[in-house]
Undergrad: 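Quick one: structure below, then a few questions.
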Amino acid sequence: QVQLVESGGGLVQAGGSLRLSCAASGRTFSRYAMGWFRQAPGKEREFVAAINWSGGSIYYADFVKGRFTISRDNAKNTVYLQMNSLKPEDTAVYYCASPIRPSLVVTPKEYDYWGQGTQVTVSS
């Protein structure tokens with residue numbers, strides 16, 4: 001059984017920064033890509049960023065390019081999402097996820113394990 005635990009969310013003013021962490025257990029973390037998604041009230045869950053097993057390949061959603069950075073520490077079984085220049089429209093619950101297969105993928109249906117989510121609220 002895979003467990004994913006996010007932390008680091010909170011309330012921040014527009015232009016501020018937050019760093020999300022996701023600690024993983026129960027799967028060979030270093031062999032799998034990892035992803036971050038978010039879901040705002042009344043909206044579907046959407047892709048934010050994903051990173052392959054080594055950190056050598058990364059995908060970002062267009063709306064976070066240049067502002068967010070995904071990274072991982074395989075020794076700590078942890079994936080991070082550094083979020084800078086936050087905007088009110090970034091307000092959402094942020095989830096980390098582990099894919100069904102080890103490869104780097106970007107759609108929610110290709111992920112089978114999800115964390116409980118961490119709330120990020122950006123005030124204007």
Undergrad: Examine the side chains of Thr121 and Gln119 and answer whether a donor and an acceptor come within less than 3.5 Å of each other.
TA: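 Yes.
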Undergrad: For residues Phe37 and Val122: do they belong to one hydrophobic cluster (side chain heavy atoms under 4.5 Å, members Ile, Leu, Val, Met, Phe, Trp, Tyr)?
TA: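 Unlinked, Phe37 and Val122 end up in two clusters.
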Undergrad: Measure centre to centre between the rings of Trp53 and Phe29, then say whether the value is under 6.0 Å.
TA: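 They do not qualify: ring centres at least 6.0 Å apart.
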Undergrad: Please evaluate residues Gln116 and Leu4 with respect to the criterion side-chain contact (heavy atoms from CB on, under 4.5 Å), reporting the C-alpha separation (whole Å), side-chain torsions for both, the decisive distance (0.1 Å), and the verdict.
TA: CA-CA 8 Å; Gln116 82 287 354; Leu4 303 172; over 6 Å; no
Undergrad: Any side-chain heavy-atom pair from Leu81 and Tyr94 closer than 4.5 angstrom?
TA: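 Leu81 reaches Tyr94 side chain to side chain.
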Undergrad: Remaining members of Val5's ILVMFWY cluster at a side-chain heavy-atom cut-off under 4.5 Å?
TA: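 Traced through the cluster, Val5 reaches no other member.
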Undergrad: Quick test of your reading: applying side chain to side chain donor-acceptor pair (under 3.5 Å), list the pairs with at least one residue in residues 63-72, sequence neighbours left out, ordered by first then second residue.
TA: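 Found Asp62-Lys65, Arg67-Asp90, Arg72-Asn74.
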Undergrad: If we only count heavy atoms from C-beta on, is the Pro108 to Trp114 side-chain gap below 4.5 Å?
TA: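 Sidechains of Trp114 and Pro108: in contact.
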Undergrad: Please enumerate all residues that pass ring pair (Phe, Tyr, Trp, His ring centres under 6.0 Å) together with Tyr95, with sequence neighbours excluded.
TA: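 Testing Tyr95 for ring pair (Phe, Tyr, Trp, His ring centres under 6.0 Å), a comparison that skips the adjacent residues, returns none.
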Undergrad: Applying salt bridge (charged side-chain N to carboxylate O under 4.0 Å, His left out), name anything that partners Arg27, two or more places apart in sequence or on another chain.
TA: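 Applying salt bridge (charged side-chain N to carboxylate O under 4.0 Å, His left out) to Arg27 gives Asp112.
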Undergrad: Looking at every heavy atom in both Ser124 and Pro88, which two are closest together, and how far apart are they?
TA: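 In this case the closest contact between Ser124 and Pro88 is CB-CG, 3.8 Å.
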Undergrad: Apply the hydrophobic cluster definition, ILVMFWY joined by side-chain contacts under 4.5 Å directly or through others, and give me every member besides Tyr32.
TA: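 Via sub-4.5 Å side-chain contacts, Tyr32 links to none.
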Undergrad: At their closest point, which heavy atom of Thr118 faces which heavy atom of Gly9, and how far apart are they?
TA: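 Nearest pair, atom of Thr118 first, then Gly9: OG1-N, 3.2 Å.
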Undergrad: Just by modelled atom types, is the Ser123 backbone N or O under 3.5 Å from a matching donor or acceptor in the Gln13 side chain?
TA: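 No, the answer is negative, given that no donor and acceptor are paired below the 3.5 Å cut-off.
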Undergrad: Transitively linked via ILVMFWY side-chain contacts under 4.5 Å: Tyr60 with Val106?
TA: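 Not linked; separate clusters.
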Undergrad: Suppose we screen for salt bridge (charged side-chain N to carboxylate O under 4.0 Å, His left out). Which residues come up paired with Glu46, at least two apart in sequence or across chains?
TA: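 Glu46 satisfies salt bridge (charged side-chain N to carboxylate O under 4.0 Å, His left out) with Arg38 once adjacent residues are dropped.
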Undergrad: Are Ile70 and Leu86 connected in the hydrophobic side-chain network, where two residues link if heavy atoms are under 4.5 Å apart?
TA: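 Yes: a chain of side-chain contacts under 4.5 Å links Ile70 to Leu86.
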Undergrad: Check the pair Ser17 / Met83 against side-chain contact (heavy atoms from CB on, under 4.5 Å), numbers first and verdict last.
TA: CA-CA 5 Å; Ser17 298; Met83 305 187 295; over 6 Å; no
Undergrad: Applying side-chain contact (heavy atoms from CB on, under 4.5 Å) to Val105 and Tyr111, what does each step give before you reach the verdict?
TA: CA-CA 8 Å; Val105 290; Tyr111 288 77; 3.6 Å; yes
Undergrad: Taking it one step at a time, do Val79 and Ile51 satisfy side-chain contact (heavy atoms from CB on, under 4.5 Å)?
TA: CA-CA 9 Å; Val79 62; Ile51 186 168; 4.1 Å; yes
Undergrad: With sequence neighbours excluded, what pairs up with Glu110 under the side chain to side chain donor-acceptor pair (under 3.5 Å) test?
TA: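 For Glu110 the side chain to side chain donor-acceptor pair (under 3.5 Å) partners, ignoring immediate neighbours, are Thr107.
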Undergrad: Please name the pair of heavy atoms, one in Ser103 and one in Ala33, separated by the smallest distance, quoted to 0.1 Å.
TA: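 Shortest heavy-atom contact: O-CB, 3.5 Å.
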Undergrad: Between Trp36 and Glu6, is any pair of side-chain heavy atoms under 4.5 Å apart?
TA: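 In contact.
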Undergrad: Under the disulfide (SG to SG under 2.5 Å) rule, what pairs show up with a residue in residues 37-67, not counting sequence neighbours?
TA: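 Every pair satisfying disulfide (SG to SG under 2.5 Å) with a residue in residues 37-67: there are none.
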Undergrad: Would you indicate whether Tyr113, at its atom OH, is surrounded by more than 12 heavy atoms from other residues, nucleotides or ligands within a distance under 6.0 Å?
TA: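 Atom OH in Tyr113 is crowded, with more than 12 foreign heavy atoms closer than 6.0 Å.
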Undergrad: Quick one: list whatever passes ring pair (Phe, Tyr, Trp, His ring centres under 6.0 Å) with Phe68, sequence neighbours left out.
TA: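 Not a single residue meets the ring pair (Phe, Tyr, Trp, His ring centres under 6.0 Å) criterion with Phe68.
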Undergrad: Linking directly or through intermediates, with side-chain heavy atoms under 4.5 Å: list the remaining ILVMFWY members grouped with Leu11, chain and number order.
TA: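 Other cluster members: none.
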Undergrad: Applying disulfide (SG to SG under 2.5 Å) as the test, list every pair that has at least one member in residues 20-119; sequence neighbours left out.
TA: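 Checked against disulfide (SG to SG under 2.5 Å) - neighbours excluded - the pairs reaching residues 20-119 are Cys22-Cys96.
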Undergrad: Only counting residues at least two apart or in another chain, list the ones meeting side chain to side chain contact (heavy atoms under 4.5 Å, CB included) with Thr78.
TA: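 Counting only residues at least two positions away or on another chain, Thr78 forms a side chain to side chain contact (heavy atoms under 4.5 Å, CB included) with Ser21, Ala23, Lys76, Tyr80.
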Undergrad: Would you find a donor on one side and an acceptor on the other, under 3.5 Å apart, between the side chain of Thr28 and the backbone of Ser30?
TA: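 Between the backbone of Ser30 and the side chain of Thr28 there is no qualifying donor-acceptor contact (under 3.5 Å).
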Undergrad: Looking at side-chain heavy atoms only, is the closest gap between Leu18 and Val120 below 4.5 Å?
TA: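 Touching, per the 4.5 Å side-chain cut-off.
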Undergrad: Centre-to-centre under 6.0 Å for Phe47 and Tyr59, is that the case here?
TA: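 No, too far apart.
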